[in-house]
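Counting starts at 1 for both ligands and their atoms, following the listed order. The figures that follow rest on heavy atoms only: side chains count, while hydrogens, waters and symmetry mates do not.
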Amino acid sequence: MGAFRKAAELEVTTKTAVLIESLAWLKQFNEKIMVVKFGGNAMVDESLQRAFAEDMAYLRFAGIRPVVVHGGGPQISARLAELGIQSEFRGGYRVTTSESIEVVRDVLSGQISRELAGMIDKHQDGLAITISGEDANLFGGRRRGAVVDGETVDLGLVGDVVTVDPTAVLEAVNAGRIPVIASIAPDLDQPGQSLNINADSAASALAVALGAEKLVILTDVAGLYRDWPDRESLVSIIDTEELTELLPALESGMIPKMTACLEAVVGGVAKAAIIDGRTPHSILVEIFTHSGIGTEVVPA
Ligand SMILES: Nc1ncnc2c1ncn2[C@@H]1O[C@H](COP(=O)(O)OP(=O)(O)O)[C@@H](O)[C@H]1O
Ligand SMILES: CC(=O)N[C@@H](CCC(=O)OP(=O)(O)O)C(=O)O
């Protein structure tokens with residue numbers, strides 16, 4: 001009986017400590033915009049998507065204003081494979097043809113945005129609103145290449161976000177809604193043409209334009225590893241100067257991801273964090289505890 005009571009008391013003390021630790025963060029982030037990028041590799045099963053939707057509702061009802069930008073790389077590759085089209089990545093970006101851009105749009109705006117919004121809406125009708133980067137003048141893009149082994153290579157219909165009109169997103173957020181955004185943009189140089197935008201870089205450009213307090217990127221690794229794949233080399237905090245030096249040594253998906261964090265923080269976002277989205281509710285630990293998790297990028 002004594003031991004049982006002690007265990008119960010300890011459980012209450014632990015829960016109380018976690019709840020009260022969140023007070024500092026609830027105050028800091030109250031009514032602030034937080035851009036959350038949900039990577040395609042972090043949403044590989046429905047239960048992770050459901051937990052993510054729950055977290056977004058949690059943030060919103062805790063007084064924070066979350067804005068979701070989602071990816072869908074593995075899902076786009078799967079759909080292309082069904083159509084007999086092979087995926088090719090260069091420098092972390094998908095080489096995109098006029099055929100594959102239609103698939104990119106279909107999977108991102110037509111499928112994933114709707115699925116995520118539907119799951120968020122389960123917490124309150126009309127809580128989420130889907131917005132594509134092609135809607136309401138949200139993004140304007142310009143074609144870009146990638147640098148591979150010191151050479152610039154062509155990526156086809158791939159772009160950077162060069163203009164952001166955040167009006168529609170701000171209207172949604174001010175109405176208490178959670179925007180769910182797909183990373184595709186009209187090409188400013190070629191009217192009628194769409195460009196495939198890496199979702200990390202779209203999230204970063206949007207975070208800067210919105211003056212977001214924080215950018216959080218959910219992926220399928222614990223964070224940035226300095227000597228990938230050495231699991232002992234996880235970086236917990238890095239400033240923009242050190243990251244600028246490290247960037248040329250990075251490979252594959254980490255290139256757009258860390259570039260996005262760097263550009264967000266240089267652009268005025270106070271912090272950018274990369275966390276493991278495969279652990280359900282990891283974002284709550286990142287936001288509401290002192291130690292956080294994953295890798296945090298801060299100003300130099
Ligand atoms: N230095 C590094 N640190 C962590 N992950 C790395 C690193 N270099 C390459 N990677 C790879 O990058 C992947 C994450 O990028 P990506 O697949 O594009 O994710 P997402 O779909 O979430 O955008 C990791 O799963 C890992 O395989
Ligand atoms: C240009 C480019 O690479 N675009 C990405 C867009 C989706 C994305 O970024 O998805 P993740 O966040 O899951 O990687 C692609 O086609 O895969």
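- A salt bridge does not link Glu9 with Lys6: every distance from a Lys NZ or Arg NE/NH1/NH2 to an Asp or Glu carboxylate oxygen is 4.0 Å or more.
- Taking the six-membered ring where the residue is Trp, Trp25 and Phe29 present parallel rings, their angle staying beneath 30° rather than reaching 60°.
- One finds a salt bridge joining Asp154 and Arg143 here, because a Lys/Arg side-chain nitrogen approaches an Asp/Glu carboxylate oxygen to under 4.0 Å.
- Although no hydrogens or angles enter the test, the distance criterion places no donor-acceptor pair under 3.5 Å between the side chain of Glu286 and the main chain of Ala273.
- Counting only N and O atoms by type, the side chains of Arg278 and Asn41 include no donor and acceptor under 3.5 Å apart.
- Closest non-hydrogen pair, Ile184 versus Ser109, comes out as CG2-OG, 4.2 Å.
- Ordered by chain and residue number, the residues placing a heavy atom less than 4.0 Å from ligand 2 are Lys37, Gly39, Gly40, Gly71, Gly72, Gly73, Pro74, Ile76, Tyr93, Arg94, Val158, Asn196, Ile197, Asn198, Ala199.
- There is no side-chain donor-acceptor pair under 3.5 Å between Gln124 and Arg60.
- Side-chain contact, Ser87 with Arg94: a donor N or O sits under 3.5 Å from an acceptor N or O.
- Donor-acceptor pairing under 3.5 Å is recorded for the side chains of Ser100 and Thr97.
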Exercise answer, ligand 1 polar atom pairs (N/O) under 3.5 angstrom:
{"residue": "ligand 1", "atom": "1 (N)", "partner": "Tyr225", "partner atom": "O", "Å": "2.8"}
{"residue": "ligand 1", "atom": "3 (N)", "partner": "Tyr225", "partner atom": "N", "Å": "3.0"}
{"residue": "ligand 1", "atom": "17 (O)", "partner": "Asn41", "partner atom": "ND2", "Å": "2.9"}
{"residue": "ligand 1", "atom": "19 (O)", "partner": "Thr219", "partner atom": "OG1", "Å": "3.3"}
{"residue": "ligand 1", "atom": "21 (O)", "partner": "Asn41", "partner atom": "N", "Å": "3.4"}
{"residue": "ligand 1", "atom": "21 (O)", "partner": "Asn41", "partner atom": "ND2", "Å": "3.0"}
{"residue": "ligand 1", "atom": "22 (O)", "partner": "Thr219", "partner atom": "OG1", "Å": "2.8"}
{"residue": "ligand 1", "atom": "23 (O)", "partner": "Lys37", "partner atom": "NZ", "Å": "3.1"}
{"residue": "ligand 1", "atom": "23 (O)", "partner": "Lys257", "partner atom": "NZ", "Å": "2.7"}
{"residue": "ligand 1", "atom": "25 (O)", "partner": "Asp220", "partner atom": "OD1", "Å": "2.6"}
{"residue": "ligand 1", "atom": "25 (O)", "partner": "Asp220", "partner atom": "OD2", "Å": "3.3"}

